[in-house]
Amino acid sequence: MQYDIVIVGGGQGGASAAVLLRQSGFSGTIVIVGREAEAPYERPPLSKDYMLGEKPFERLLIRPAAYWADNGIDLLLGCEAVAVDPAAQSVMLRDGRAIGYGDLIWAAGGDPRPMNCPGSDLPGIHAVRDRAHIDEILGELPAVERVAIVGGGYIGLEAAAALRRMGKAVTLLEMLPRVLARVAGPQLSAFFEQEHRAHGVDLRTGMGVAAFEGHGRLEGLRLTDETFLPAQLAIVGIGIVPAVAPLLAAGAKGGNGVEVDDHCRTSLPHIYAIGDCAAHANVFADGTVLRVESVQNANDQAGCAVKAILGDPHPYAATPWFWSNQYDLRLQTAGLSATHDQTVLRGDPATRSFSVAYLKAGRLIAIDCVNQTKDYVQGRKLVEARATVAAELIADASRPLKDLIPAA
(Lines give C-alpha, C1' and ligand atoms only; values in the text may rest on other atoms or scores of the structure.)
Protein backbone atom coordinates (compact mmCIF):
# COMPACT_ATOMS: atom_id res chain seq x y z
CA MET A 1 0.00 0.00 0.00
CA GLN A 2 1.17 3.50 -0.81
CA TYR A 3 -0.35 6.83 0.29
CA ASP A 4 0.63 10.44 -0.09
CA ILE A 5 -0.17 11.06 3.59
CA VAL A 6 -0.16 8.39 6.27
CA ILE A 7 -1.56 9.45 9.66
CA VAL A 8 -0.79 7.15 12.59
CA GLY A 9 -3.39 7.68 15.30
CA GLY A 10 -7.15 8.01 15.05
CA GLY A 11 -7.65 10.46 17.90
CA GLN A 12 -8.28 14.18 17.90
CA GLY A 13 -4.99 15.17 16.28
CA GLY A 14 -4.98 12.55 13.55
CA ALA A 15 -8.61 13.14 12.62
CA SER A 16 -8.12 16.92 12.58
CA ALA A 17 -5.10 16.61 10.30
CA ALA A 18 -7.05 14.53 7.78
CA VAL A 19 -10.02 16.89 7.85
CA LEU A 20 -7.81 19.97 7.45
CA LEU A 21 -5.94 18.43 4.53
CA ARG A 22 -9.18 17.99 2.62
CA GLN A 23 -10.52 21.40 3.68
CA SER A 24 -7.28 22.95 2.39
CA GLY A 25 -7.78 21.40 -1.02
CA PHE A 26 -5.31 18.53 -0.76
CA SER A 27 -6.35 15.94 -3.33
CA GLY A 28 -3.77 13.23 -2.68
CA THR A 29 -4.37 9.91 -0.96
CA ILE A 30 -4.78 9.84 2.84
CA VAL A 31 -5.05 7.00 5.33
CA ILE A 32 -5.58 7.04 9.09
CA VAL A 33 -4.12 4.03 10.93
CA GLY A 34 -5.88 3.57 14.27
CA ARG A 35 -5.41 0.95 16.96
CA GLU A 36 -9.07 1.06 17.98
CA ALA A 37 -11.90 -0.45 16.01
CA GLU A 38 -13.82 2.82 16.28
CA ALA A 39 -13.83 5.71 13.83
CA PRO A 40 -12.22 8.86 15.32
CA TYR A 41 -14.06 10.18 18.37
CA GLU A 42 -13.68 12.74 21.17
CA ARG A 43 -12.05 11.43 24.33
CA PRO A 44 -12.71 14.15 26.97
CA PRO A 45 -16.40 13.18 27.40
CA LEU A 46 -15.44 9.59 28.27
CA SER A 47 -14.86 10.35 31.95
CA LYS A 48 -17.89 12.63 32.14
CA ASP A 49 -20.92 12.56 29.81
CA TYR A 50 -20.27 9.11 28.34
CA MET A 51 -19.61 7.43 31.68
CA LEU A 52 -22.78 8.98 33.07
CA GLY A 53 -24.84 7.84 30.08
CA GLU A 54 -25.71 11.43 29.19
CA LYS A 55 -24.11 11.30 25.75
CA PRO A 56 -24.27 8.23 23.49
CA PHE A 57 -21.13 7.18 21.67
CA GLU A 58 -22.46 8.35 18.30
CA ARG A 59 -22.41 11.92 19.61
CA LEU A 60 -18.70 11.56 20.41
CA LEU A 61 -17.76 10.91 16.78
CA ILE A 62 -15.56 13.70 15.39
CA ARG A 63 -17.29 13.32 12.03
CA PRO A 64 -20.29 11.21 10.96
CA ALA A 65 -19.33 7.67 10.02
CA ALA A 66 -19.86 8.31 6.31
CA TYR A 67 -17.62 11.39 6.24
CA TRP A 68 -14.33 9.55 5.82
CA ALA A 69 -15.28 7.52 2.75
CA ASP A 70 -17.17 10.46 1.27
CA ASN A 71 -13.99 12.52 1.46
CA GLY A 72 -11.60 9.88 0.23
CA ILE A 73 -9.94 9.26 3.59
CA ASP A 74 -9.19 5.58 4.19
CA LEU A 75 -9.47 4.21 7.72
CA LEU A 76 -7.35 1.23 8.75
CA LEU A 77 -8.91 0.47 12.12
CA GLY A 78 -7.79 -2.11 14.63
CA CYS A 79 -4.27 -1.76 13.24
CA GLU A 80 -1.11 -0.82 15.12
CA ALA A 81 1.99 0.76 13.61
CA VAL A 82 5.02 -0.98 15.15
CA ALA A 83 7.97 0.25 13.09
CA VAL A 84 9.01 3.08 10.78
CA ASP A 85 11.64 2.95 8.04
CA PRO A 86 12.58 6.57 7.25
CA ALA A 87 14.82 5.60 4.33
CA ALA A 88 12.12 3.57 2.59
CA GLN A 89 9.41 5.98 3.81
CA SER A 90 7.26 3.16 5.09
CA VAL A 91 5.33 2.16 8.21
CA MET A 92 5.14 -1.47 9.30
CA LEU A 93 1.92 -2.71 10.91
CA ARG A 94 1.73 -5.43 13.53
CA ASP A 95 0.06 -7.76 11.02
CA GLY A 96 3.13 -7.53 8.77
CA ARG A 97 1.77 -5.14 6.15
CA ALA A 98 3.87 -2.18 5.08
CA ILE A 99 2.42 1.20 4.10
CA GLY A 100 4.48 3.63 2.06
CA TYR A 101 4.13 7.36 2.61
CA GLY A 102 5.07 10.66 1.05
CA ASP A 103 4.65 12.35 4.43
CA LEU A 104 3.91 10.74 7.78
CA ILE A 105 1.97 12.44 10.57
CA TRP A 106 2.48 10.64 13.88
CA ALA A 107 -0.51 11.34 16.14
CA ALA A 108 -0.45 8.17 18.24
CA GLY A 109 -1.02 9.84 21.60
CA GLY A 110 -0.06 7.69 24.54
CA ASP A 111 -0.93 4.71 26.68
CA PRO A 112 -2.10 4.88 30.30
CA ARG A 113 0.88 4.82 32.64
CA PRO A 114 0.66 1.51 34.52
CA MET A 115 1.17 0.86 38.21
CA ASN A 116 4.17 -1.34 38.91
CA CYS A 117 3.24 -2.53 42.38
CA PRO A 118 2.19 -6.10 43.29
CA GLY A 119 -1.27 -7.10 42.08
CA SER A 120 -1.54 -4.37 39.46
CA ASP A 121 -2.63 -6.95 36.88
CA LEU A 122 -5.69 -8.09 38.84
CA PRO A 123 -9.07 -7.96 37.08
CA GLY A 124 -11.04 -4.96 38.28
CA ILE A 125 -8.21 -2.42 37.75
CA HIS A 126 -8.90 0.01 34.91
CA ALA A 127 -7.59 3.01 33.03
CA VAL A 128 -9.62 5.83 31.46
CA ARG A 129 -8.24 6.43 27.98
CA ASP A 130 -10.57 4.98 25.36
CA ARG A 131 -14.13 3.78 24.87
CA ALA A 132 -13.28 0.16 25.67
CA HIS A 133 -11.93 1.19 29.08
CA ILE A 134 -15.17 2.96 29.99
CA ASP A 135 -17.34 0.16 28.64
CA GLU A 136 -15.42 -2.32 30.81
CA ILE A 137 -15.93 -0.12 33.87
CA LEU A 138 -19.64 0.31 33.15
CA GLY A 139 -20.00 -3.43 32.68
CA GLU A 140 -18.59 -4.10 36.14
CA LEU A 141 -20.19 -1.24 38.08
CA PRO A 142 -23.55 -2.94 38.85
CA ALA A 143 -21.72 -5.37 41.12
CA VAL A 144 -19.48 -2.70 42.66
CA GLU A 145 -20.09 -0.69 45.82
CA ARG A 146 -16.66 0.77 46.53
CA VAL A 147 -14.29 2.33 43.97
CA ALA A 148 -10.70 3.42 44.53
CA ILE A 149 -9.22 6.06 42.23
CA VAL A 150 -5.45 6.41 42.06
CA GLY A 151 -4.35 9.85 40.91
CA GLY A 152 -5.62 13.34 41.69
CA GLY A 153 -5.32 14.88 38.25
CA TYR A 154 -8.18 15.85 35.97
CA ILE A 155 -8.99 12.26 34.98
CA GLY A 156 -9.17 11.06 38.57
CA LEU A 157 -11.26 13.99 39.75
CA GLU A 158 -13.68 13.80 36.83
CA ALA A 159 -14.12 10.06 37.32
CA ALA A 160 -14.71 10.60 41.04
CA ALA A 161 -17.41 13.17 40.31
CA ALA A 162 -19.14 10.89 37.82
CA LEU A 163 -19.03 7.85 40.11
CA ARG A 164 -20.40 9.80 43.08
CA ARG A 165 -23.31 10.89 40.90
CA MET A 166 -23.84 7.20 40.19
CA GLY A 167 -24.05 6.49 43.91
CA LYS A 168 -20.77 4.67 44.39
CA ALA A 169 -18.57 5.00 47.45
CA VAL A 170 -15.37 6.61 46.14
CA THR A 171 -11.92 6.94 47.69
CA LEU A 172 -9.40 9.05 45.78
CA LEU A 173 -5.69 8.65 46.52
CA GLU A 174 -3.03 11.19 45.56
CA MET A 175 0.62 10.67 46.48
CA LEU A 176 1.45 14.38 46.32
CA PRO A 177 0.38 16.77 49.11
CA ARG A 178 -2.50 18.14 47.02
CA VAL A 179 -4.59 17.30 43.96
CA LEU A 180 -3.83 19.01 40.63
CA ALA A 181 -0.37 19.76 42.04
CA ARG A 182 1.33 19.64 38.64
CA VAL A 183 -1.09 21.96 36.85
CA ALA A 184 -2.56 24.40 39.37
CA GLY A 185 -1.82 26.46 42.45
CA PRO A 186 -2.71 25.67 46.07
CA GLN A 187 -5.92 27.76 46.08
CA LEU A 188 -7.46 25.76 43.25
CA SER A 189 -6.29 22.46 44.74
CA ALA A 190 -7.82 23.31 48.10
CA PHE A 191 -11.11 24.31 46.48
CA PHE A 192 -11.50 21.06 44.54
CA GLU A 193 -10.45 18.96 47.51
CA GLN A 194 -13.18 20.63 49.59
CA GLU A 195 -15.76 20.20 46.82
CA HIS A 196 -15.08 16.49 46.41
CA ARG A 197 -15.18 15.87 50.13
CA ALA A 198 -18.45 17.80 50.34
CA HIS A 199 -19.82 15.44 47.69
CA GLY A 200 -18.81 12.41 49.75
CA VAL A 201 -15.47 11.48 48.22
CA ASP A 202 -12.97 10.06 50.72
CA LEU A 203 -10.04 12.08 49.37
CA ARG A 204 -6.61 11.29 50.78
CA THR A 205 -3.51 13.23 49.78
CA GLY A 206 0.05 12.16 50.56
CA MET A 207 -1.15 8.59 50.14
CA GLY A 208 0.00 5.93 47.68
CA VAL A 209 -0.62 2.30 46.83
CA ALA A 210 1.76 -0.39 48.04
CA ALA A 211 -0.17 -3.27 46.47
CA PHE A 212 -3.48 -4.31 44.95
CA GLU A 213 -4.88 -7.37 46.69
CA GLY A 214 -7.48 -9.99 45.89
CA HIS A 215 -8.08 -13.65 45.11
CA GLY A 216 -8.54 -13.79 41.34
CA ARG A 217 -10.05 -10.30 41.32
CA LEU A 218 -9.47 -6.99 43.06
CA GLU A 219 -10.73 -6.92 46.63
CA GLY A 220 -8.85 -3.92 47.93
CA LEU A 221 -5.68 -1.85 48.08
CA ARG A 222 -2.83 -2.00 50.57
CA LEU A 223 -1.85 1.64 51.06
CA THR A 224 1.57 3.09 51.81
CA ASP A 225 0.56 3.62 55.45
CA GLU A 226 -0.03 -0.17 55.56
CA THR A 227 -3.80 0.14 55.96
CA PHE A 228 -6.17 -1.89 53.78
CA LEU A 229 -8.77 -0.11 51.64
CA PRO A 230 -11.62 -2.36 50.45
CA ALA A 231 -12.60 -1.80 46.81
CA GLN A 232 -14.14 -3.94 44.11
CA LEU A 233 -12.96 -1.67 41.29
CA ALA A 234 -10.01 0.69 40.86
CA ILE A 235 -9.28 3.38 38.30
CA VAL A 236 -5.67 4.36 37.76
CA GLY A 237 -5.13 7.84 36.34
CA ILE A 238 -1.44 8.68 36.79
CA GLY A 239 -0.62 10.03 33.34
CA ILE A 240 0.37 8.53 30.02
CA VAL A 241 3.42 7.03 28.37
CA PRO A 242 3.84 8.70 24.95
CA ALA A 243 3.42 6.20 22.11
CA VAL A 244 6.61 7.05 20.26
CA ALA A 245 8.75 3.89 20.51
CA PRO A 246 8.73 3.18 16.74
CA LEU A 247 9.92 6.72 15.97
CA LEU A 248 12.67 6.66 18.59
CA ALA A 249 13.80 3.25 17.35
CA ALA A 250 13.99 4.74 13.86
CA GLY A 251 16.34 7.45 15.11
CA ALA A 252 14.01 10.34 15.91
CA LYS A 253 15.17 12.72 18.61
CA GLY A 254 13.17 12.48 21.79
CA GLY A 255 12.63 10.81 25.13
CA ASN A 256 9.45 11.77 26.97
CA GLY A 257 7.74 12.13 23.63
CA VAL A 258 9.26 12.76 20.21
CA GLU A 259 10.76 16.21 19.77
CA VAL A 260 9.42 18.45 17.02
CA ASP A 261 10.39 21.88 15.73
CA ASP A 262 8.07 24.87 15.50
CA HIS A 263 6.47 23.36 12.37
CA CYS A 264 5.83 19.98 14.08
CA ARG A 265 8.61 18.29 12.11
CA THR A 266 10.57 15.53 13.83
CA SER A 267 14.29 15.09 13.22
CA LEU A 268 13.45 12.48 10.56
CA PRO A 269 12.64 13.67 7.01
CA HIS A 270 8.97 13.77 5.97
CA ILE A 271 7.82 12.78 9.47
CA TYR A 272 5.71 15.10 11.63
CA ALA A 273 4.37 14.51 15.14
CA ILE A 274 1.41 16.19 16.83
CA GLY A 275 -0.68 16.02 19.98
CA ASP A 276 0.02 14.30 23.29
CA CYS A 277 3.13 12.52 22.01
CA ALA A 278 4.91 15.58 20.56
CA ALA A 279 7.41 17.51 22.70
CA HIS A 280 7.87 21.07 21.53
CA ALA A 281 9.42 24.33 22.71
CA ASN A 282 6.31 26.12 23.93
CA VAL A 283 6.36 29.92 23.75
CA PHE A 284 3.99 30.09 26.75
CA ALA A 285 6.55 28.24 28.86
CA ASP A 286 9.48 30.46 27.84
CA GLY A 287 10.60 27.94 25.25
CA THR A 288 10.72 24.94 27.59
CA VAL A 289 10.42 21.69 25.64
CA LEU A 290 7.32 19.89 26.87
CA ARG A 291 4.28 17.91 25.85
CA VAL A 292 0.83 19.49 26.15
CA GLU A 293 -1.97 16.97 26.60
CA SER A 294 -5.11 18.72 25.38
CA VAL A 295 -7.64 18.81 22.58
CA GLN A 296 -6.50 22.35 21.81
CA ASN A 297 -2.90 21.30 21.31
CA ALA A 298 -3.84 18.31 19.14
CA ASN A 299 -6.07 20.42 16.89
CA ASP A 300 -3.68 23.35 16.58
CA GLN A 301 -0.63 21.18 15.96
CA ALA A 302 -2.59 19.33 13.30
CA GLY A 303 -3.14 22.66 11.57
CA CYS A 304 0.53 23.54 11.93
CA ALA A 305 1.69 20.25 10.40
CA VAL A 306 -0.81 20.47 7.54
CA LYS A 307 0.31 23.98 6.63
CA ALA A 308 3.94 22.87 6.58
CA ILE A 309 3.16 19.87 4.38
CA LEU A 310 1.21 22.05 1.96
CA GLY A 311 4.06 24.55 1.65
CA ASP A 312 2.60 27.33 3.80
CA PRO A 313 4.51 26.93 7.09
CA HIS A 314 3.54 28.94 10.17
CA PRO A 315 5.40 28.51 13.49
CA TYR A 316 3.35 26.90 16.24
CA ALA A 317 2.38 29.54 18.79
CA ALA A 318 -1.15 28.58 19.85
CA THR A 319 -2.41 29.56 23.30
CA PRO A 320 -2.74 26.50 25.55
CA TRP A 321 -6.20 26.10 27.02
CA PHE A 322 -7.93 23.38 28.98
CA TRP A 323 -11.24 22.63 30.68
CA SER A 324 -12.69 20.22 33.21
CA ASN A 325 -16.27 19.57 34.30
CA GLN A 326 -16.83 18.23 37.82
CA TYR A 327 -20.30 18.20 39.41
CA ASP A 328 -21.76 21.62 38.53
CA LEU A 329 -18.32 23.22 38.26
CA ARG A 330 -16.68 24.23 35.00
CA LEU A 331 -12.97 24.90 35.20
CA GLN A 332 -11.43 26.77 32.26
CA THR A 333 -7.70 27.44 32.01
CA ALA A 334 -5.62 29.58 29.68
CA GLY A 335 -1.84 29.50 29.61
CA LEU A 336 0.69 27.34 31.48
CA SER A 337 1.20 28.06 35.17
CA ALA A 338 4.10 25.72 36.00
CA THR A 339 6.78 28.42 36.31
CA HIS A 340 4.72 31.02 38.21
CA ASP A 341 6.18 32.87 41.18
CA GLN A 342 2.96 34.52 42.40
CA THR A 343 -0.72 33.64 42.53
CA VAL A 344 -3.57 36.11 42.74
CA LEU A 345 -7.03 35.10 43.94
CA ARG A 346 -9.86 36.92 42.18
CA GLY A 347 -13.23 36.46 43.85
CA ASP A 348 -14.29 34.22 46.71
CA PRO A 349 -14.07 30.43 46.35
CA ALA A 350 -16.95 30.15 48.83
CA THR A 351 -19.24 31.50 46.10
CA ARG A 352 -18.04 28.67 43.80
CA SER A 353 -17.30 31.31 41.14
CA PHE A 354 -13.76 32.71 41.16
CA SER A 355 -10.44 32.82 39.32
CA VAL A 356 -6.78 32.29 40.17
CA ALA A 357 -4.21 34.23 38.16
CA TYR A 358 -0.58 33.14 37.87
CA LEU A 359 2.21 35.70 37.51
CA LYS A 360 5.88 35.37 36.70
CA ALA A 361 8.00 38.47 37.28
CA GLY A 362 4.77 40.48 37.20
CA ARG A 363 3.61 39.04 33.88
CA LEU A 364 0.32 37.13 33.65
CA ILE A 365 1.21 33.68 32.33
CA ALA A 366 -1.96 31.70 33.12
CA ILE A 367 -5.41 31.90 34.66
CA ASP A 368 -7.76 29.28 36.13
CA CYS A 369 -11.44 30.19 36.12
CA VAL A 370 -14.15 28.29 38.00
CA ASN A 371 -17.65 29.12 36.75
CA GLN A 372 -16.22 32.41 35.48
CA THR A 373 -16.39 32.38 31.70
CA LYS A 374 -15.95 36.14 31.39
CA ASP A 375 -12.71 36.01 33.35
CA TYR A 376 -11.53 33.17 31.16
CA VAL A 377 -12.26 34.95 27.87
CA GLN A 378 -10.77 38.26 29.00
CA GLY A 379 -7.90 36.72 30.98
CA ARG A 380 -6.86 34.65 27.98
CA LYS A 381 -6.31 37.87 26.03
CA LEU A 382 -4.05 39.14 28.79
CA VAL A 383 -2.10 35.87 28.75
CA GLU A 384 -1.71 36.08 24.98
CA ALA A 385 -0.51 39.69 25.30
CA ARG A 386 2.17 38.61 27.81
CA ALA A 387 0.71 41.42 29.88
CA THR A 388 2.40 42.86 32.95
CA VAL A 389 -0.41 43.73 35.35
CA ALA A 390 -0.36 44.75 39.01
CA ALA A 391 -1.61 41.99 41.30
CA GLU A 392 -4.01 44.32 43.09
CA LEU A 393 -5.73 45.18 39.81
CA ILE A 394 -6.26 41.52 38.99
CA ALA A 395 -7.54 40.84 42.51
CA ASP A 396 -10.25 43.51 42.17
CA ALA A 397 -13.13 41.29 41.03
CA SER A 398 -15.35 44.33 40.49
CA ARG A 399 -13.11 45.43 37.64
CA PRO A 400 -13.45 43.45 34.37
CA LEU A 401 -10.16 42.01 33.21
CA LYS A 402 -10.75 43.50 29.78
CA ASP A 403 -10.22 46.94 31.34
CA LEU A 404 -6.61 45.94 32.04
CA ILE A 405 -5.79 45.13 28.42
CA PRO A 406 -5.15 48.71 27.19
CA ALA A 407 -2.96 49.46 30.20
CA ALA A 408 -1.01 46.27 29.55
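Only this structure's heavy atoms are used, side chains among them; waters, hydrogens and symmetry mates stay out.
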Going by the rule salt bridge (charged side-chain N to carboxylate O under 4.0 Å, His left out), which residues pair with Arg330 if we only count those two or more places apart in sequence or in a different chain?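 Salt bridge (charged side-chain N to carboxylate O under 4.0 Å, His left out) list for Arg330, sorted by chain: empty.
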Ring pair (Phe, Tyr, Trp, His ring centres under 6.0 Å) for Tyr101 and His270? Distances and angles first, verdict last. CA-CA 9 Å; Tyr101 61 83; His270 298 286; 7.7 Å; no
Evaluate whether atom [atom1] of [X] has more than 12 neighbouring non-hydrogen atoms of other residues, nucleotides or ligands under 6.0 angstrom away.
X      : atom1 : answer
Arg182 : CZ    : no
Met166 : CE    : yes
Gln2   : CD    : yes
Arg94  : CZ    : no
Lys381 : NZ    : no
Glu54  : CD    : yes

Using ring pair (Phe, Tyr, Trp, His ring centres under 6.0 Å) as the criterion, list what pairs up with [X], not counting sequence neighbours.
X      : answer
His340 : Tyr358
Tyr41  : Phe57
Phe228 : none

Hey, are [Y] and [X] close enough side-chain-wise for a donor-acceptor pair under 3.5 Å?
X      : Y      : value
His263 : Tyr272 : no
His314 : Asp312 : yes
Ser189 : Gln187 : no
Asp85  : Ser90  : no
Glu259 : Thr266 : no
Tyr50  : Asp135 : yes
Thr319 : Glu384 : yes

Please tabulate, one pair per line, all N/O donor-acceptor pairs under 3.5 Å involving side-chain atoms of residues 238-257, not counting sequence neighbours.
{"from": "Asn256", "atom 1": "OD1", "to": "Arg291", "atom 2": "NE", "distance (Å)": "3.2"}
{"from": "Asn256", "atom 1": "OD1", "to": "Arg291", "atom 2": "NH2", "distance (Å)": "3.4"}

Could you check whether any side-chain N or O of Thr343 sits under 3.5 Å from a backbone N or O of Gly185, counting only pairs where one atom can act as donor and the other as acceptor?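 Such a contact is absent between Thr343 side chain and Gly185 backbone.
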Regarding Arg346 and Asp375, does a basic nitrogen lie under 4.0 Å from an acidic carboxylate oxygen?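 Salt bridge flag = yes for Asp375 with Arg346.
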Look at the aromatic rings of Tyr316 and His280 and report parallel, tilted or perpendicular, splitting at 30° and 60°.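 Tyr316 and His280: perpendicular rings.
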How would you list, by chain and number, every residue that makes a side chain to side chain donor-acceptor pair (under 3.5 Å) with Gln89, sequence neighbours excluded?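 For Gln89 there are no side chain to side chain donor-acceptor pair (under 3.5 Å) partners, ignoring immediate neighbours.
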